[in-house]
Amino acid sequence: MSMKKLSRRDFLKLSATTTAAVALASCAPAPTQAPAKATSAPVTKPTEAPKPVTLDFLGWGDNTDIPAWDKLTKAFKEKNPNYTINVTTVADPGTNHYPKLQTMVAGGTIPDIASFQGWEWQVFAEKNLLAPVDDYVAKDKMTAPYPTGIKSLEDTTAFKGKKYLMPLQIATMLMFYARKPFQDAGIPFPTDDWTFEQFLDIAKKLTDPAKKMYGLQANGNYVRDIHWIRGTGKQEYDNLIYPKKATFNQKEIVDIVQIIASDVYNSLKIAPTPADLAAGGNTIQTGNCAMKYEGAWFFTSLNSPELRDQKKQVEFDVVLMPKQQDPDRPHRGWAEGVCLMKSTKTDAAWEFVKYMGGEGNKTYSETTGRIPNDLKLVESWWVPMIAERFQVKNGKAFIEAIKKSEVDVVGAITRTKITNEVVKPVAWDPLNNGKATAADVLSKVDAGVQKLFDEYWATVK
C-alpha cells in the first residue's frame with residue numbers, strides 16, 4: 001500500500017493541531033476519584049458532676065475554734081461545691097466533747113470526722129472506731145505534720161505503728177506575763193533563763209492584796225500543773241505510754257504540788273483563789289494578775305487586732321517556764337487535731353481532713369493563734385505572724401519548748417479519766433481549798449489511779 005507524501009504545509013497544520021490538543025489536556029481537570037471512606041470520630045461522654053457528699057464533723061467549739069471551723073468549711077466548699085460539712089461543736093473537751101462522742105458511738109450516729117487531743121484518741125483506736133491515715137499520708141505526701149525526732153508529737157499521733165491523728169496544731173505551754181504590772185512595779189520582765197526561786201520572788205513582789213493585784217493566776221488543776229511536776233525530774237507514772245504503776249507519792253512531787261496547788265493560794269497568797277475567780281474577775285485579762293501558764297490559744301483572749309480596736313487589749317509576752325531540778329527542763333508538748341472515724345465515707349472525709357491539715361492550716365492557725373502543724377512553717381511564718389497579729393516578741397520560745405517537750409500520759413486509762421475520777425476530787429480540790437496537804441493526799445491518789453490501771457491490765461491478754 002502506498003503512502004501519500006506529506007507536504008510541508010500539511011505537516012505544519014498537523015503539528016499545530018497536536019500541540020493544541022496537548023495544551024488543552026494539560027488544563028483539563030484531573031479525573032475525579034471516589035472519596036475516601038470517612039473514619040468515625042471518638043464519642044466524648046459528658047463529664048459527670050461529682051457526686052454530692054455530706055460529712056458530719058464533731059469539733060470542739062469555743063470562741064476560738066468556732067470561727068476557724070466556719071472559715072475552713074466555707075473555703076473547702078468553694079473548692080469542692082459537691083461537699084456539705086455539718087459541724088457540731090461541743091465546748092470543753094474533757095467535760096463535754098468526749099462524752100458526746102461516746103454517746104454518739106453508742107447510739108450508732110458516729111460522725112465521719114472528730115476533733116481529738118493527742119492523748120484521748122487511742123482508746124477509740126483500740127475499739128476499732130478510727131481509720132489509720134498512713135496510706136492517705138503517703139499517697140498525698142502529707143509528711144510535714146509528722147516531724148521525726150520529737151517524741152511528744154510521735155507519741156500523740158501514732159499508735160501501735162500506725163498514724164491516726166492528723167495534727168492541726170502543735171501544742172505546748174509557756175508562762176504568759178502582762179507587761180503593765182511589771183512596768184508599774186519597776187520589775188524587769190522575766191527571761192528564758194529564770195529559775196523557780198526567781199519566779200516565786202517576782203510573784204510575791206507583784207502581789208498587793210489591798211489592790212486585788214496578784215503575781216500569778218494559778219490554773220488550779222492537775223492537768224495544768226503537770227509541767228511543774230516534770231520539772232522536778234520525776235513523773236507520776238512508771239511509763240508515760242500505757243503506764244502500769246502510779247508514782248505520784250514521791251518527795252519531789254509532794255513538795256512541788258504543795259506549793260503550786262495549795263500554797264500559792266493559801267499561805268503565799270500570790271494567786272487569787274478559785275472563789276476569787278468564780279465571777280470572772282481577778283484574772284490576767286482583767287489586769288489583776290501578772291502571770292499565767294498558758295498556750296498559744298490564749299493569744300486571742302489578751303491582745304488581738306479586734307481587742308486593740310476596742311482598746312481592751314492586755315499587752316503581754318511569753319517566756320520559757322522557770323528552771324527547776326531537771327536540767328533538761330522538759331515542757332509539756334503534744335499534737336491536737338482530727339481523726340477519721342471508720343465509715344463508708346472515709347475516702348471523702350480524708351479530703352477535708354487533708355485540707356485542714358494542709359492548705360487550710362494557716363487559716364486555722366491565724367484564726368486561733370495556735371501553733372501550726374509544720375515546724376518549718378512555725379519558724380518561717382507563725383513566729384512573724386504572732387508578732388504582728390498578737391504582738392508576741394518571744395515567739396521562738398515556743399519552738400524551744402516543743403523541742404524539749406514530753407507528753408502528759410497516753411493510755412487506755414486516759415488522762416481525763418485519771419483526772420476526773422481520782423486526782424481532782426482526791427487531791428487538787430482539797431489542796432486548792434487549803435483543806436489538805438500534798439503529803440496527805442498523794443498516797444491516796446496513787447491508790448486510786450493504781451486501781452484503775454490494775455483493772456485495765458487485768459483485761460489485757
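Distance check, rounded to the nearest 0.5 Å: NZ of Lys100 to CG of Leu58 gives 7.5 Å. For the atom pair Lys404 NZ and Arg329 CZ, the distance stands at 6.0 Å (nearest 0.5 Å). Taken to the nearest 0.5 Å, the CD1 atom of Ile241 stands 10.5 Å off from the CZ atom of Phe159. Distance check, rounded to the nearest 0.5 Å: CD1 of Ile413 to CG of Asp454 gives 10.0 Å.
Ring planes of Trp382 and Phe398: perpendicular class, angle over 60° (limits at 30 and 60°). The aromatic rings of Phe352 and Phe57 lie perpendicular to each other, with more than 60° between the two planes, well past the 30° mark. Using the six-membered ring where Trp is involved, Phe196 and Trp228 have ring planes that are perpendicular, over 60° apart on the 30 and 60° scheme. In this structure, Tyr237 and Phe248 have perpendicular ring planes: the angle between them is above 60°, well past the 30° mark. Using cut-offs of 30° and 60° for the angle between ring planes, the Phe316 and Phe176 rings count as parallel. Taking the six-membered ring for Trp and thresholds of 30 and 60 degrees, His227 and His331 have ring planes inclined between 30 and 60 degrees apart. Classified by interplanar angle (parallel below 30°, tilted 30° to 60°, perpendicular above 60°), the ring pair Trp457/Tyr242 is perpendicular.
With respect to Lys393 and Asp317, no salt bridge is recorded, no charged nitrogen being found less than 4.0 Å from a carboxylate O. Glu421 has a carboxylate O that lies under 4.0 Å from a charged side-chain N of Lys417, or vice versa, which qualifies the two as a salt bridge. Lys362 has no carboxylate O lying under 4.0 Å from a charged side-chain N of Asp374, or vice versa, which leaves the two without a salt bridge. Salt bridge present: Arg389 and Glu306 bring a charged side-chain N and a carboxylate O closer than 4.0 Å. Ion pairing between Lys205 and Asp201 holds under the 4.0 Å rule for side-chain N and carboxylate O. Under 4.0 Å is where a charged nitrogen must lie from a carboxylate oxygen, and between Lys354 and Glu359 no such pair does.
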message: The test is salt bridge (Lys or Arg N to Asp or Glu O under 4.0 Å); show your working for Asp135 and Lys139 and say whether it passes.
response: CA-CA 6 Å; Asp135 290 343; Lys139 173 177 66 74; over 6 Å; no
- request: Assess whether salt bridge (Lys or Arg N to Asp or Glu O under 4.0 Å) is satisfied between Glu406 and Arg230, documenting all intermediate values.
  value: CA-CA 9 Å; Glu406 63 182 32; Arg230 303 292 172 78; 3.0 Å; yes
message: What verdict does the side chain to side chain donor-acceptor pair (under 3.5 Å) test give for Tyr98 and Gln117, after you've listed the backbone C-alpha separation in whole Å, the side-chain angles of each residue and the deciding distance to 0.1 Å?
response: CA-CA 10 Å; Tyr98 300 120; Gln117 293 157 305; 2.9 Å; yes
- request: Step by step, work out the side chain to side chain contact (heavy atoms under 4.5 Å, CB included) result for Thr207 and Met213.
  value: CA-CA 5 Å; Thr207 297; Met213 185 68 214; over 6 Å; no
- request: Run the numbers on Tyr456 and Phe453 for ring pair (Phe, Tyr, Trp, His ring centres under 6.0 Å), then give the verdict.
  value: CA-CA 5 Å; Tyr456 167 72; Phe453 288 166; 8.6 Å; no
query: Stepwise, does the ring pair (Phe, Tyr, Trp, His ring centres under 6.0 Å) test hold for Trp350 with Tyr355?
result: CA-CA 8 Å; Trp350 165 254; Tyr355 176 78; over 10 Å; no
task: Walk me through it: do Glu455 and Lys451 pass the test salt bridge (Lys or Arg N to Asp or Glu O under 4.0 Å)?
output: CA-CA 6 Å; Glu455 289 173 351; Lys451 184 173 184 291; 2.6 Å; yes
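Lys323 forms no cation-pi arrangement with Trp194, by the criterion of a distance under 6.0 Å to the ring centre and an angle within 45° of the ring axis. A cation-pi contact links Arg179 to Phe189, judged by a cut-off of 6.0 Å to the six-membered ring centre and 45° from its axis. Remark: Lys292 qualifies as a cation-pi partner of Phe298 under the 6.0 Å distance and 45° angle criteria applied to the six-membered ring. In this structure, Lys163 is positioned above the aromatic face of Tyr146, its NZ or CZ under 6.0 Å from the six-membered ring centre and within 45° of the axis.
In terms of modelled atom types and a separation under 3.5 Å, the side chain of Thr346 and the main chain of Lys342 share no donor-acceptor contact. Looking only at distances, no side-chain donor or acceptor of Ser365 sits under 3.5 Å from a matching main-chain atom of Asn361. The main-chain N or O of Lys244 is found under 3.5 Å from a side-chain atom of Gln450 such that the two form a donor-acceptor pair. A distance-only check finds no donor-acceptor pair linking the side chain of Asn249 to the backbone of Leu442 [under 3.5 Å]. No side-chain donor-acceptor contact under 3.5 Å links Thr300 to the backbone of Gly369. A donor-acceptor distance shorter than 3.5 angstrom exists from the side chain of Asn394 to the backbone of Val318, with no hydrogens or angles considered. Without hydrogens or angle criteria, Asp208 side chain to Ala210 main chain gives a donor-acceptor distance under 3.5 Å. With Asn221 contributing its side chain and Arg224 its backbone, the two residues share a donor-acceptor pair below 3.5 Å. With hydrogens and angles disregarded, no donor-acceptor distance shorter than 3.5 Å links the side chain of Gln391 to the backbone of Glu388. Proximity of a side-chain donor or acceptor of Ser405 to a complementary backbone N or O of Ser152 within less than 3.5 Å is not detected.
Between Ser343 and Asp112, the shortest heavy-atom distance links the atoms OG-OD1, 3.2 Å. Counting all heavy atoms, side chain and backbone alike, Pro372 lies closest to Leu377 at CB-CD2, 3.9 Å. Pairing each heavy atom of Ala401 with each of Thr172, the nearest pair is CB-OG1, 3.6 Å. Taking each heavy atom of Gln285 and Leu302 in turn, the nearest pair found is CG-CD2, 3.9 Å. What you find for Asp70 and Thr73 is that their closest heavy atoms are O-OG1, 3.1 Å. The two atoms that bring Leu153 and Ala335 nearest to each other are CD2-N, 4.0 Å, heavy atoms only.
Among Val319, Leu320, Asp192, the single residue meeting the side chain to side chain contact (heavy atoms under 4.5 Å, CB included) criterion with Leu174 is Leu320.
Taking the side chain as every heavy atom from C-beta outward, Gln217 and Tyr293 never approach each other to under 4.5 Å. Two residues are said to be in side-chain contact when any heavy atoms from C-beta on lie closer than 4.5 Å; Gln102 and Phe124 meet this criterion.
Applying the salt bridge (charged side-chain N to carboxylate O under 4.0 Å, His left out) test to Asp408 and every residue at least two apart in sequence or in another chain returns Arg332, Arg415.
Looking at Tyr364 and Arg370, their side chains do bring a donor and an acceptor atom within 3.5 Å of each other. For the 3.5 Å distance criterion, the side chains of Asp263 and Gln258 qualify, holding a donor opposite an acceptor. For Lys71 and Thr367, the side-chain atoms include at least one donor-acceptor pair closer than 3.5 Å. Residues Asp446 and Ser443 have side chains that never bring a donor and an acceptor to within less than 3.5 angstrom of each other. For the 3.5 Å distance criterion, the side chains of Trp297 and Asp65 fail to qualify, holding no donor opposite an acceptor. Between the side chains of Glu120 and Thr416, at least one donor-acceptor pair of N or O atoms lies under 3.5 Å.
Counted within 6.0 Å of CD on Glu197, heavy atoms from surrounding residues, nucleotides or ligands total more than 12; the atom is thus considered enclosed. Within a 6.0 Å sphere centred on NZ of Lys79, other residues, nucleotides and ligands contribute 12 heavy atoms or fewer.
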